[in-house]
Amino acid sequence: MQPLLSASILAADFSALGNQIRLAEAAGVDWIHIDVMDGHFVPNITMGALVVEACRRNSDLPLDVHLMIEHPERHIEAFAKAGADWITVHIENNANIHRTLQHIQELGCKAGIVLNPGTPESSISAILPLVAMVLVMTVNPGFGGQTFIPETLSKVEEIRRMLNHTNPQAHLEVDGGVSADTIAELHRAGADVFVAGTAIFGHPNGIQAGVDDLRRAIK
């Protein structure tokens, strides 16, 4: 699959969020990634459906919404109405994951499943045919700017093999420590969607330079 860049606004300047999103789109990113955290499932509080609405007003790019919250099934409809195109939920916090994924799809969004670094890939084997994307966390979720965990590479490789067998059209996304130094090996391992925040919005030479560095590295 063609590699896609999903720019994580967690690293953006929120005093100028609309402009930051427009600059990222002009620089050539493919998606906008929105990390929703509630301070319970992960140790941080970030943004909600109102921010998704703001992103929708400022970009026509697909909005890639990652729910790191307790009881995500209670909030899916709000994020779908706000303009999400993709909604990903964690395997770790959803006892009725089949129902949750089906609800996302019924609302007109594409559904994805997420695994934390310590969660085995076997935990999602039964639901792989139901998803349009698997998101592998390559850092412990909760904060941006963390260092990539190299041990997660083998998980990416194994999930790519699983998808090739059961659902080859599904995307394999990685999130955490994605940079010009790590993106090529993640691509070789089988990932095709790359969430990057600091590498884009925090690049010392600006957003365009950050995107260009990632594109060069993946080639």
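- Applying the side chain to side chain contact (heavy atoms under 4.5 Å, CB included) test to A111 and every residue at least two apart in sequence or in another chain returns L101, I104, Q105.
- E53 has its side chain out of reach of F79: every pair of non-hydrogen atoms, C-beta onward, lies at least 4.5 Å apart.
- Q169 CD to M133 CE: the interatomic distance, rounded to the nearest 0.5 Å, is 15.0 Å.
- Between W31 and H171, the ring-plane angle classifies as perpendicular under the 30° and 60° cut-offs.
- No side-chain heavy atom of I113 sits less than 4.5 Å from a side-chain heavy atom of L130.
- The distance from atom NE2 of H33 to atom CG of D175, rounded to the nearest 0.5 Å, is 4.5 Å.
- For E121, the side chain to side chain contact (heavy atoms under 4.5 Å, CB included) criterion is met by K155, E158, I159, M162, not counting sequence neighbours.
- L107 and W86 fall into different hydrophobic clusters, where Ile, Leu, Val, Met, Phe, Trp and Tyr residues are linked whenever their side-chain heavy atoms come under 4.5 Å apart, directly or through other members.
- Atom CD of residue Q102 and atom CG of residue N96 lie 10.5 Å apart, to the nearest 0.5 angstrom.
- With sequence neighbours excluded, no residue forms a ring-ring contact (aromatic ring centres under 6.0 Å, His included) with H103.
- Between L63 and R56 there is a side-chain heavy-atom pair separated by less than 4.5 Å.
- Between I127 atom CD1 and N167 atom CG the span is 11.0 Å, to the nearest 0.5 Å.
- Around atom CZ of R99, no more than 12 heavy atoms belonging to other residues, nucleotides or ligands sit under 6.0 Å away.
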task = With side-chain hydrogen bond (donor to acceptor under 3.5 Å, both in side chains) as the test, would you mind laying out the steps for E92 and T119 before giving the verdict?
result = CA-CA 8 Å; E92 296 90 0; T119 303; 2.5 Å; yes

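- Counting all heavy atoms, side chain and backbone alike, A7 lies closest to A24 at CB-CB, 4.4 Å.
- Remark: I218 CD1 to D192 CG distance equals 9.0 Å, nearest 0.5 Å.
- Side chains of V156 and L172 form a contact here, defined as non-hydrogen atoms less than 4.5 Å apart.
- The backbone N or O of C109 sits nowhere less than 3.5 Å from a side-chain atom of D85 that would complete a donor-acceptor pair.
- A donor-acceptor pair under 3.5 Å links the side-chain atoms of T138 to the main chain of G176, judged by distance alone.
- Between the N94 side chain and the P72 main chain, no donor and acceptor come within less than 3.5 Å of each other.
- Looking only at side-chain heavy atoms (C-beta outward), I32 and N58 stay at 4.5 Å or farther from each other.
- Screening R216, Q208, R215 for a side chain to side chain donor-acceptor pair (under 3.5 Å) involving D212 leaves a single residue, Q208.
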